[in-house]
Amino acid sequence: MASSTVRPDNEDHDVAARLLLSAAKLSYDPATEVDWDTPLDKDFHGQSPEWNSLYGTAYWNEMTEDQRKELTRQESASVASTGIWFEMILQQMVLRDMYAKDPTDPRFQWALTEIADECRHSIMFARGAQKLGAPAYRPRRAVLELGRAFKTVGFGEAAYAGILVAEEVLDVMQRDWMRDERVVPFVRTINNIHVVEESRHMKFARDETRRRLARAGRARRNFHALVVAVAAYYIVTSLVSPDVYAKAGLDPVRARREAAANEHYKAQMRASCAGLMEFLASARLLTRPALFFYKRANLI
Ligand SMILES: [Fe+2]
Ligand SMILES: [Fe+2]
């Protein structure tokens with residue numbers, strides 16, 4: 001590959017160098033920043049109720065306030081657990097991407113900084129889900145195996161645009177949760193840390209996606225556009241584990257049926273992904289087959 005011998009141009013240097021400076025100024029250690037010691041206060045929600053998969057349904061209206069709070073705590077934990085799953089995928093993709101690259105390049109140093117961020121995030125999400133009283137929520141078996149394939153062979157713009165999609169989807173909901181006084185304080189801290197550090201990751205992912213696409217031919221672009229859309233579909237549809245309903249004491253069959261038909265939730269998702277879709281369109285990654293998956297995932 002020529003990329004290891006060709007020095008990146010100045011613009012690439014700039015993005016990564018700026019991100020390194022920013023990370024040096026403001027990064028968090030969740031082990032000390034998050035209040036892990038105060039026992040869970042069940043008067044709080046785990047997420048903004050408006051982000052709950054049942055919000056606005058007949059079932060939601062029948063639930064007691066305590067049931068709603070338990071459900072938002074379980075869904076918050078489920079989103080964090082899906083976050084861990086995807087962060088493990090992206091850490092491996094970035095690490096493989098940087099293998100044997102030039103360590104004096106700011107992009108190399110930034111990539112390793114990002115991996116270190118994600119490693120701290122996953123520990124933070126793991127402790128957070130545990131404190132919320134959640135079991136291990138994981139995507140279903142077939143999705144876990146697709147993720148295993150993606151992390152093992154995903155490269156170039158497919159890897160970085162896939163990373164971007166996951167980060168953007170989490171970003172909008174976590175911005176709401178971190179500001180919401182109904183949400184339990186330690187979850188707000190977790191989301192605040194994640195939003196700050198992920199904004200740098202998203203800049204890098206956008207930059208890398210554009211850089212890699214500049215070298216990609218049409219067939220590769222079209223194929224990767226589809227790969228990214230399929231990845232987005234499975235990330236988004238794995239955010240809320242179907243197991244959260246039984247864990248919150250609900251009838252899982254009815255809950256799943258009403259969640260699947262919840263127009264409020266779908267509209268919320270579409271609104272939050274408008275910026276992402278604009279970027280994907282500008283990168284010419286919204287091909288017709290890709291659009292099919294974004295529509296099915298209610299992202300557009
Ligand atoms: Fe993260
Ligand atoms: Fe990230």
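We use all heavy atoms of the structure for the numbers below, so side chains are in, but hydrogens, waters and symmetry mates are not.
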The test is side-chain contact (heavy atoms from CB on, under 4.5 Å); show your working for Met277 and Leu286 and say whether it passes. CA-CA 8 Å; Met277 291 302 134; Leu286 283 189; 4.0 Å; yes

Any chain of hydrophobic side-chain contacts (each under 4.5 Å) joining Val94 to Ile89? yes

Would Glu168 and Arg206 pass as an ion pair if we require N to O under 4.0 Å? yes

Same cluster or not: Val165 versus Ile300, using hydrophobic residues (I, L, V, M, F, W, Y) connected whenever any side-chain heavy atoms lie under 4.5 Å apart? yes

Taking all atoms of both residues into account, what is the closest heavy-atom pair of Ile163 and Phe86, and its distance? CA-CE2, 3.8 Å

Between the main-chain N or O of Arg18 and the side-chain N or O of Ser22, is there a donor-acceptor pair closer than 3.5 Å? no

Taking atom NZ as the centre, does Lys266 end up with more than 12 heavy-atom neighbours from other residues, nucleotides or ligands that are less than 6.0 angstrom away? yes

Over 12 non-hydrogen atoms of neighbours within 6.0 angstrom of CZ in Arg221: yes

With a 4.0 Å cut-off on N to O distance, would you call Glu50 and Arg182 a salt bridge? yes

Does Ser78 reach the main-chain N or O of Leu239 with its side chain, forming a donor-acceptor pair under 3.5 Å? yes

Below 30° counts as parallel, above 60° as perpendicular, anything between as tilted: where do the rings of Tyr55 and His264 land? tilted

Distance-only, no hydrogens or angles: does the Thr113 side chain make a donor-acceptor pair with backbone N or O of Gln109 under 3.5 Å? yes

Is there a donor-acceptor contact under 3.5 Å from the side chain of Thr209 to the main chain of Ala205? yes

Is the His224-Phe155 ring centre distance short of 6.0 angstrom? yes

Any side-chain to backbone donor/acceptor pair from Glu197 onto Tyr28? Under 3.5 Å, distance only. yes

Side-chain donor-acceptor contact under 3.5 Å, Asp180 with Ser48: yes

Decide, yes or no, whether a salt bridge links Glu157 with Arg220 under the criterion of side-chain N to carboxylate O below 4.0 Å. yes

Any donor-acceptor N/O pair, Arg210 side chain to Ala283 backbone, under 3.5 Å: no

According to side chain to side chain donor-acceptor pair (under 3.5 Å), who are the partners of Arg188, at least two apart in sequence or on a separate chain? none

Closest heavy-atom contact between Ser81 and Ala129? OG-CB, 4.2 Å

Check each of Gln174, Arg179, Arg175 against Asn191 using the side chain to side chain contact (heavy atoms under 4.5 Å, CB included) test, and report the only one that passes. Gln174

Tell me, with the steps shown, if Leu54 and Gln67 meet side-chain contact (heavy atoms from CB on, under 4.5 Å). CA-CA 12 Å; Leu54 286 180; Gln67 275 179 314; over 6 Å; no

Heavy-atom closest contact (Ser238 atom, Thr82 atom, distance): O-OG1, 2.9 Å

Ser27 (side chain) donor-acceptor with Ala24 (main chain) under 3.5 angstrom: no

Neighbour count >12 (heavy atoms, 6.0 Å) for atom CD, Glu62: yes

Apply side chain to side chain donor-acceptor pair (under 3.5 Å) to Lys151 and list each qualifying residue two or more places apart in sequence or on a separate chain. Gln92

Looking at Phe223, I'd like to know if its CZ atom is crowded, meaning that more than 12 non-hydrogen atoms belonging to other residues, nucleotides or ligands lie closer than 6.0 Å. no

Please answer: with hydrophobic residues joined when any side-chain heavy atoms are less than 4.5 Å apart, are Phe279 and Phe204 in the same cluster? no

Is any side-chain heavy atom of Phe125 closer than 4.5 Å to one of His194? yes

Could you tell me whether the side chain of Tyr234 reaches within less than 4.5 Å of the side chain of Pro139, counting heavy atoms only? no

Looking at every non-hydrogen atom in both residues, tell me the closest pair between Ala161 and Leu285 and how far apart they are. CB-CD1, 4.1 Å

Taking NZ, NE, NH1 and NH2 as the nitrogens, is one of them in Arg120 or Glu33 under 4.0 Å from a carboxylate oxygen of the other? no

As an exercise, state the distance from CG of Leu146 to CG of Leu144, rounded to the nearest 0.5 Å. 9.5 Å

Can you pull the side chain to side chain donor-acceptor pair (under 3.5 Å) pairs that have at least one residue in residues 274-300, sequence neighbours excluded? Tyr233-Arg296

Do you reckon Leu90 sits in the same ILVMFWY cluster as Leu112, going by side-chain contacts under 4.5 Å, direct or chained? yes

If only atom types and distance count, is the side chain of Tyr59 paired as donor or acceptor with the main-chain N or O of Asp251 below 3.5 Å? yes

Do Glu75 and Ser53 have side chains that approach each other closer than 4.5 Å (heavy atoms only, starting at C-beta)? yes

Ignoring hydrogens and geometry beyond distance, is a side-chain donor-acceptor pair present between Glu87 and Gln91 at under 3.5 Å? no

Salt bridge or not between Asp207 and Lys203? Use side-chain N to carboxylate O under 4.0 Å. no

How long is the span from the CZ atom in Phe292 to the CG atom in Leu226, to the nearest 0.5 Å? 10.5 Å

Assign the ring pair Tyr265 / Trp51 to parallel, tilted or perpendicular, where the plane angle (0 to 90°) is split at 30° and 60°. perpendicular

Examine the side chains of Asp97 and Tyr160 and answer whether a donor and an acceptor come within less than 3.5 Å of each other. yes

Do Arg68 and Asn52 come close enough that some side-chain heavy atom pair is under 4.5 Å? no

Got a donor-acceptor contact below 3.5 angstrom from the Glu198 side chain to the Asp171 backbone? no

More than 12 heavy atoms of other groups within 6.0 Å of Met63 CE: yes

Which heavy-atom pair separates Leu132 from Gln74 by the least distance, and what is that distance? O-NE2, 3.8 Å

Show, in sequence, the C-alpha distance, side-chain angles and deciding distance for Lys131 and Arg73, and conclude whether the side-chain contact (heavy atoms from CB on, under 4.5 Å) test is met. CA-CA 10 Å; Lys131 184 162 171 167; Arg73 284 194 294 269; over 6 Å; no

Work out which heavy atom in Ser76 is nearest to a heavy atom in Val187; give both atom names and the distance. OG-CG1, 3.9 Å

Rounded to the nearest 0.5 Å, what separation is found between the CD atom of Glu114 and the SG atom of Cys119? 13.0 Å

Tell me whether Phe150 is reachable from Leu164 by hopping between hydrophobic residues (I, L, V, M, F, W, Y) whose side-chain heavy atoms are closer than 4.5 Å. no

Please assess Tyr245 against Val253 for the test side-chain contact (heavy atoms from CB on, under 4.5 Å), listing each intermediate value before the final yes or no. CA-CA 9 Å; Tyr245 305 118; Val253 177; over 6 Å; no

